[in-house]
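For the numbers below, each heavy atom of this structure counts, side chains included, while hydrogens, waters and symmetry mates do not. Just so you know, these numbers come straight off a predicted model, no measurement behind them. For reference, positions follow the sequence shown, starting with 1.
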Amino acid sequence: MRAPEQLIARLALAHGVLVLPGSRTSIDGSYADHLRISCVAEPAELWLAAERLGRAWAALPAPGLGPSQYRSTRRGSI
């Protein structure tokens, strides 16, 4: 399933993981359905970030629902 990068980035942040929308790192603004994820951290921190991203992905609204339809579990950002 593909989702808008801004929605995924906001949802990831709500789960404590900071990511960049793909279009912000593309010279021509492409990759609007991608994310840029930095992997410069300790392995334990990366595992925690991956778990949180998994929860963020699972919290995506069903197709046709707006962003206000999902739950966030804000924690400290990674």
Pairwise side-chain contact, Arg10 with Leu13, heavy-atom cut-off 4.5 Å (strictly under): no

When hydrophobic residues are tied together by side-chain contacts of less than 4.5 Å, even through go-betweens, does Leu20 share a cluster with Leu53? no

Do the non-hydrogen side-chain atoms of Leu11 and Trp57 ever get within less than 4.5 Å of each other? no

Set of residues satisfying side-chain hydrogen bond (donor to acceptor under 3.5 Å, both in side chains) with respect to Ser38, sequence neighbours excluded: none

Which pair of non-hydrogen atoms, one from Ala32 and one from Ser23, has the smallest distance, and what is that distance? CA-CB, 4.5 Å

So Ile37 and Val17, do their side chains get closer than 4.5 Å, heavy atoms only? no

Just how far is it from atom CD of Gln6 to atom CG of Leu35, taken to the nearest 0.5 Å? 9.5 Å

Could you tell me which non-hydrogen atom of Arg52 sits nearest to which non-hydrogen atom of Gly16, and how far apart they are? NH1-O, 3.5 Å

